[in-house]
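One structure is given below, encoded as structure tokens.
Fair warning: this is a prediction, and the values are worked out from it, not measured in the lab. All ligand and atom numbering here is 1-based and tracks the order in the structure.
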Amino acid sequence: MTDLTTSVQKLKGIGEKKALAFEKLGVFSLYDLVSYFPARYEDRTNFCPIAAAPEGEGVCIRALVADMPRLVRVRRGMELVKFRAVDESGSVDITYFNQNYVKDYLSRGDSVCFYGKIERNGSRASMVNPAYEKEDKPRGVTGCILPVYRMKAALNQRTIRDAVRQGLNLCGEALPDLLPAEIRARNGLAQARYAYENIHYPSDFDALAIARRRLVFEELFVLACALGTMRAERARESGLRITLRDFEPFYAALPFTPTDAQKRAIAEAAADMSGGYVMNRLVQGDVGSGKTLVAAALCWLCRESGYVSAFMAPTEILAEQHYQTLSGLLAPFGMRIGRLTGAMSAKEKREAKAAIAAGDYDLVVGTHALFSEDVVYGRLGLIITDEQHRFGVKQRSALIGKGEKPHVLVMSATPIPRTLALMIYGDLDVSIIDELPPGRQKVDTFAVDESYRTRLNGFIRKLVGEGRQVFVVCPKVEDDEDEETPGDKKLKSAEEHAKELAREFPELSVGCVHGRMKPKDKDAAMAAFVRGEIDILVATTVIEVGVDVPNAALMIIENAERFGLSQLHQLRGRVGRGQHKSWCILVSDNKGEEVKARLSIMSKTNNGFEISEEDLRLRGPGDFFGSRQHGLPEMHVADLGADTQIMKTAQHEDSPGRGQGPAGGRSAAHPAGARRPAQAHRDAVPE
Ligand code: ADP
Ligand code: MG
């Protein structure tokens with residue numbers, strides 16, 4: 001009896017050693033095996049007359065063996081089989097190295113299909129070690145689309161292909177169809193059996209596309225269901241019930257009218273918080289979209305129910321800025337706002353902690369210090385973290401441990417498409433602020449090369465002369481830092497460039513911040529810039545995160561080709577925050593088409609979501625998110641960058657019948673021992 005759970009070792013040609021090699025690929029059972037999809041394909045569908053075959057490219061020819069294959073001994077241990085093959089158009093000399101059995105297998109007059117590269121020398125054509133199959137035998141390596149698998153030592157392509165063929169023959173009928181029939185029908189998706197057959201052995205490229213689409217859909221659908229289930233489970237976890245209030249009086253008292261997008265995000269979060277379960281929501285909004293106001297409104301709501309909020313920022317400076325901003329917004333409502341950061345003196349900290357424990361504050365703004373062990377909150381109802389990708393998940397849960405299941409709001413200024421956000425942030429609900437407050441001016445962006453340097457310096461001089469400040473971002477800290485890219489000597493380092501600018505502008509004050517500085521020194525330099533004591537701040541990407549210097553009107557990014565689009569956009573968001581007309585200059589001497597295309601997107605749009613979609617499309621999700629550190633689920637067939645359309649449909653199909661999940665329930669559909677896609681994905685989901 002064989003079924004999906006049968007070990008691959010039961011297959012012909014697979015012994016203990018090969019079975020072990022398969023295990024290294026994560027393949028134990030037949031189900032694993034047929035789910036081990038090709039990494040790529042080789043197009044061997046094109047047959048060509050010998051005379052017309054292009055040189056040096058893989059082609060198939062159909063030819064007769066024209067003379068008896070003969071064995072030629074070149075030297076000890078090196079034997080060749082040689083013969084000539086002909087078709088109507090011409091002839092080709094064929095040679096096999098160390099494959100003596102060819103001599104016995106092929107004879108004169110056989111009609112054979114070969115696949116290989118033709119070399120030409122004058123009028124003579126030759127092929128070395130081409131794949132061969134007699135025309136009247138079932139064919140698997142010529143005249144077809146050949147699957148190519150990722151493999152490990154002790155296996156070769158032929159072994160894997162043979163094994164997969166056997167696996168499909170043995171249990172193709174038993175393959176579970178994870179997609180409910182109506183979803184399959186509605187989306188025009190192939191059946192499981194067809195998909196598995198054609199992803200390995202496509203009869204043509206259309207069949208391959210149909211198979212792939214079905215499997216991508218399935219993978220994303222199963223993932224969407226798993227995430228949906230996690231969200232649903234969390235939704236059942238009862239949380240503090242915050243009383244819902246009318247926000248209009250709050251809005252009316254603000255110095256400006258909230259945008260519709262802000263109101264929507266506030267309403268979504270408020271519904272969570274008053275719904276009786278624990279909120280876990282991500283608010284994504286472009287730089288300057290006004291996320292702080294969303295936070296403020298929710299802190300206010302919390303206070304109205306008698307709960308305290310904690311707002312955590314990733315750096316001292318940001319904590320200080322948020323403290324000022326939130327105080328400005330909330331003090332008029334009689335809210336008491338406290339502060340707790342690592343930079344405070346021991347005495348100040350002690351006092352702040354005592355006040356927190358005594359319930360003297362409605363809102364505490366701070367850094368990591370907010371969740372040091374000796375901080376005790378009275379009635380902690382809401383935790384807000386800003387720029388979440390700067391915080392580890394651990395830190396976030398430490399803070400959550402501070403209260404009785406407080407609500408959690410995470411704010412991120414890295415806009416990514418919603419469909420993708422739902423996957424990356426796993427069980428977080430997502431709100432998107434897709435609108436900027438009115439009257440925001442566009443930051444004019446230009447890409448220039450070195451020849452523009454003198455004019456650029458003139459521009460700096462002019463703007464600083466008008467009282468403005470300038471950011472300059474460099475890709476690295478010091479000059480000797482570049483081991484990974486030898487030859488790329490010209491990358492600007494922040495320290496060197498700062499010295500250069502100091503020489504160029506002796507009358508101006510030039511500062512420098514980078515990640516290798518002590519946090520205290522870094523904060524001091526940033527603070528001096530915020531106070532206007534520094535005219536030109538040279539920095540690495542440490543200034544990426546939301547520092548607000550409304551007087552800064554020029555952002556210069558050196559070696560702009562070194563940065564991802566989303567990162568460039570983040571950096572650009574540091575200027576244009578005040579009433580001054582602002583510019584962003586991308587300096588790059590790179591003449592590559594792709595670099596030019598990327599930088600020109602920056603000049604064209606100021607919309608972070610558009611930019612992130614382009615970025616994702618151009619770089620693929622791996623690079624986009626800095627490999628796996630963002631907890632992107634690892635995909636089997638789906639490409640999170642390219643398959644966005646299928647992703648949308650799959651997510652949409654999940655939502656109507658969320659509780660239901662894949663057909664037959666996940667565990668029933670997967671015999672014990674077989675890899676369970678849902679489970680595998682669940683493990684890959686962050687947190
Ligand atoms: P983000 O944190 O999303 O980058 P902020 O919350 O710092 O953005 O807001 C950016 C600026 O826009 C702040 O100066 C803020 O006062 C202002 N702002 C926020 N919402 C509005 C609004 N609805 N109308 C006008 N200005 C707004
Ligand atoms: Mg912000």
Side-chain angles (χ1 to χ4, degrees), residues 247-248 250-269 281-300 309 311-332 337 363 365-367 384-391 409-416 421 430-443 471 526 530 542-553 555 566-580 582 584 606-609 611-612:
F247 279 100
E248 283 311 322
F250 177 81
Y251 294 155
L254 292 174
F256 42 70
T257 315
T259 63
D260 288 344
Q262 283 171 319
K263 287 185 182 170
R264 209 180 321 117
I266 292 167
E268 285 168 355
R281 182 168 288 276
L282 169 74
V283 175
Q284 277 199 83
D286 215 338
V287 277
S289 59
K291 292 183 289 294
T292 320
L293 174 64
V294 174
L298 298 171
C299 294
W300 172 80
S309 306
F311 185 110
M312 180 161 76
T315 66
E316 295 282 335
I317 302 221
L318 283 171
E320 185 58 37
Q321 280 193 349
H322 278 132
Y323 172 72
Q324 301 294 346
T325 313
L326 290 165
S327 299
L329 287 168
L330 295 173
I337 297 147
L363 164 64
V365 182
T367 55
I384 299 173
T385 66
D386 193 17
E387 315 292 351
Q388 83 120 140
H389 57 288
R390 302 280 145 163
F391 288 110
L409 188 79
V410 175
M411 305 201 297
S412 165
T414 311
I416 50 174
V430 179
S431 294
I432 290 180
I433 311 184
D434 52 5
E435 182 186 355
L436 293 183
R440 208 37 74 72
Q441 43 173 318
K442 177 169 173 292
V443 176
F471 280 113
M526 273 311 305
V530 173
V542 290
I543 52 130
E544 201 180 316
V545 153
V547 187
D548 206 3
V549 186
N551 192 44
M555 165 63 70
S566 293
Q567 205 173 18
L568 289 174
H569 180 65
Q570 280 289 310
L571 290 168
R572 175 168 64 184
R574 300 300 108 230
V575 297
R577 298 174 78 87
Q579 77 273 33
H580 309 292
S582 299
C584 174
N606 269 254
N607 180 322
F609 285 96
I611 288 174
S612 79

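Close N/O approach between G290 and ligand 1 is found [any backbone or side-chain N/O within under 3.5 Å]. For G288, a nitrogen or oxygen atom sits less than 3.5 Å from a nitrogen or oxygen atom of ligand 1, counting backbone and side chain alike.
The residue from R577, K291, Q321, E435 that puts a heavy atom closest to atom 1 (P) of ligand 1 is K291. Residue nearest to atom 19 (C) of ligand 1, selected from Q262, M411, H322: Q262 (by heavy-atom distance).
Taking CD from Q324 and CD1 from I337, the interatomic distance works out to 10.5 Å, rounded to the nearest 0.5 Å. L568 contributes atom CG, which lies 10.0 Å from atom CE of M555 (distance to the nearest 0.5 angstrom). Distance CG/L363 to NE2/H322: 11.0 Å, rounded to 0.5 Å.
Contact annotation: for P258 versus ligand 1, heavy atoms closer than 4.0 Å belong to the backbone alone. Residue contacts with ligand 1 for D386 are absent, since no atom lies close enough (heavy atoms, distance under 4.0 Å). With a heavy-atom cut-off of 4.0 Å, T325 does not touch ligand 1 at all.
Which parts of ligand 1 touch V287 is read off a 4.0 Å heavy-atom cut-off, strictly below it: atoms 4 (O). Taking every heavy atom of T292 and a limit of under 4.0 angstrom, the matching atoms of ligand 1 come to 2 (O), 5 (P), 6 (O), 7 (O). Listed by number with element, the atoms of ligand 1 under 4.0 Å from a non-hydrogen atom of D286 are 3 (O). Of all atoms in ligand 1, listed by their number and element, those nearer than 4.0 Å to a heavy atom of T257 are 22 (C), 23 (N), 24 (N). Those atoms of ligand 1 with a heavy atom of P437 less than 4.0 angstrom away are 20 (N), 21 (C), 22 (C), 24 (N), 25 (C), 26 (N), 27 (C). Per-residue contacts place T259 under 4.0 angstrom from the following atoms of ligand 1 (heavy atoms of the residue considered): 23 (N).
F247 and Y251 have parallel rings, their planes meeting at less than 30° on a 0 to 90° scale where 60° marks the start of perpendicular.
N606 places no side-chain N or O within 3.5 Å of a backbone atom of K442 that could act as its donor or acceptor partner. Panel note: side chain T315, backbone A313; no donor-acceptor pair is recorded below 3.5 Å.
Under a 4.0 Å heavy-atom criterion, V294 is not in contact with ligand 1.
Just one of R281, Q284, Q262, K291 meets the side chain to side chain donor-acceptor pair (under 3.5 Å) condition when paired with S431; it is R281.
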Steps toward side chain to side chain contact (heavy atoms under 4.5 Å, CB included) verdict (D286, H569): CA-CA 9 Å; D286 215 338; H569 180 65; 2.6 Å; yes
Verdict with reasoning, I384 to C299, per side chain to side chain contact (heavy atoms under 4.5 Å, CB included): CA-CA 9 Å; I384 299 173; C299 294; 3.8 Å; yes
